[in-house]
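Down below is the structure, laid out as structure tokens.
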Amino acid sequence: MTTLTLVRGDITRESADAIVNAANSSLLGGGGVDGAIHRRGGPAVLEECRRLRASSYGKGLPTGRAVATTAGDLDARWVIHTVGPVWSDTEDRSDLLASCYRESLRVADELGAATVAFPAISTGVYGWPVEDGARIAVRTVRETDTSVREVRFVLFDERAYEAFAAQVRPRTR
Ligand code: AR6
């Protein structure tokens, strides 16, 4: 059984088997979680991302997919990079966001990771409304068959934390 836990804070301060990065297709870094992970993970993470670009992912990592690298200096064994969809008012991209969580867990299973820390993918620079992002994240993890024992959502601000809490602990009457 997979336990869902919620933490408010900076994901780069977490200790877990795998830390998920809300990356972009280039795999070469950016702002938000991605910037923080590369800063604290150090050059080993970027070096492996560059190798992936030079080998299996010449055109970059497609949206909704996931791939692992070393975690460098982070307190983790692996970083799992996934590319969330950019929010759209005119097109429903929910399946791609769900795919990020599913694919990350699939990669985690392949690696044998028992604990995985996720940020709220797409809810920053990519503009996904955090309440909806939380709904998709929690539902997808609950519906995915995985050997991961703990999925930890690490939420940077109070609003994101509350959005996830509302999904994990629905109010009972
Ligand atoms: N720890 C945990 N959560 C964080 C942290 C942190 N250190 N920093 C930000 N967040 P974002 P995206 C939250 O923008 O929307 C990058 O440039 C943030 O408040 O990191 O998927 C990539 O290279 C928000 O709730 O990722 C891509 O180009 C959530 O993490 C693009 O941004 C995700 O915000 C990806 O955008």
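Both ligands and their constituent atoms are indexed starting at 1 by order of listing. The model shown is predicted, which means the values in this text are computed figures rather than measured ones.
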### Task
Look only at the side chain of R40 and the backbone of G72, and say whether a donor-acceptor pair between them is shorter than 3.5 Å.
no
### Query
When you measure from atom 14 (O) of ligand 1 to every protein heavy atom, which one gives the shortest distance, and what is it?
V125 N, 2.8 Å
### Task
Output the list of atoms in ligand 1 that are nearer than 4.0 Å to some heavy atom of G30, sorted by atom number.
17 (O), 23 (O)
### Query
Would T69 and L52 count as a side chain to side chain contact (heavy atoms under 4.5 Å, CB included) if you check the C-alpha gap in whole Å, the side-chain angles of each, and the deciding distance to 0.1 Å?
CA-CA 9 Å; T69 66; L52 286 169; 3.7 Å; yes
### Enclosure of R139 CZ (heavy-atom neighbours >12, cutoff 6.0 Å)
yes
### Message
Starting from atom 17 (O) of ligand 1, what is the nearest protein heavy atom, named by residue and atom, and what distance separates them?
### Response
G31 N, 2.7 Å
### Task
Please write down residue, atom name and distance for the protein heavy atom closest to atom 25 (O) of ligand 1.
T123 OG1, 2.7 Å
### Message
Under 4.0 Å from a heavy atom of G9: which atoms of ligand 1 are those, numbered in the order shown and with their elements?
### Response
1 (N), 2 (C)
### Task
Would you check whether D157 has a nitrogen or oxygen atom less than 3.5 angstrom from a nitrogen or oxygen atom of ligand 1?
no
#### Entry: T144 and T146 side chains, donor-acceptor separation under 3.5 Å
no
#### Entry: Nearest non-hydrogen protein atom, atom 36 (O) of ligand 1
Y126 CG, 3.4 Å
### Message
Strictly below 4.0 Å, N to O, side chains only: are R51 and E47 in salt-bridge contact?
### Response
yes
### Message
If I apply the N/O under 3.5 Å rule, does T12 come out as touching ligand 1?
### Response
no
### Query
According to a 4.5 Å side-chain heavy-atom criterion applied to Ile, Leu, Val, Met, Phe, Trp and Tyr, with indirect links allowed, do V86 and V33 form part of one hydrophobic cluster?
no
### Task
Check whether any side-chain heavy atom of V116 sits under 4.5 Å from a side-chain heavy atom of D17, and report yes or no.
no
### Check: I121 N/O within less than 3.5 Å of ligand 1 N/O
no
### Task
Consider only side-chain heavy atoms of I, L, V, M, F, W and Y, link residues closer than 4.5 Å, and tell whether V130 and F153 are in one cluster.
no
### Query
Numbering the atoms of ligand 1 from 1, which are under 4.0 Å from a heavy atom of A120?
29 (C), 33 (C)
### Message
Evaluate I11 for polar contact with ligand 1, using N/O atom pairs at a separation under 3.5 Å.
### Response
yes
### Task
Check ligand 1 against D10 and write out every atom of the ligand that is under 4.0 Å from a heavy-atom position of the residue.
1 (N), 6 (C), 7 (N)
#### Entry: Option set N24, V33, V7, N21, criterion heavy-atom distance to atom 8 (N) of ligand 1, minimum
V33
### Summary
The atoms of ligand 1 lying under 4.0 Å from a heavy atom of A22, numbered in the order shown, are 21 (O), 22 (C), 26 (O), 35 (C)
### Message
Within the 4.0 Å heavy-atom shell around D34, which atoms of ligand 1 are there?
### Response
22 (C), 23 (O)
### Query
Any idea which protein heavy atom is nearest atom 13 (C) of ligand 1, and the distance to it?
F156 CB, 3.8 Å
### Task
Under 4.0 Å from a heavy atom of G32: give me the atoms of ligand 1 that qualify, with their elements.
8 (N), 20 (O)
### Query
Which residue supplies the protein heavy atom nearest to atom 15 (O) of ligand 1, what is that atom called, and how far is it?
G124 N, 2.8 Å
### Task
Give the cluster check for Y101 versus W87: same hydrophobic cluster or not, with ILVMFWY residues linked at side-chain heavy-atom distances below 4.5 Å.
yes
### Message
Salt bridge check, R106 against D109: does any charged N sit closer than 4.0 Å to a carboxylate O?
### Response
no
### Query
Looking only at non-hydrogen atoms, which of G84, S122, A163 approaches atom 21 (O) of ligand 1 most closely?
S122
### Query
Any luck finding a side-chain donor-acceptor pair between E150 and T5 under 3.5 Å?
yes
### Message
Does only the side chain of A160 get under 4.0 Å from ligand 1, or the backbone, or both, or neither? Count heavy atoms.
### Response
neither
### Message
I'd like to know if R102 and E143 make a salt bridge, using a cut-off of under 4.0 Å between side-chain N and carboxylate O.
### Response
no
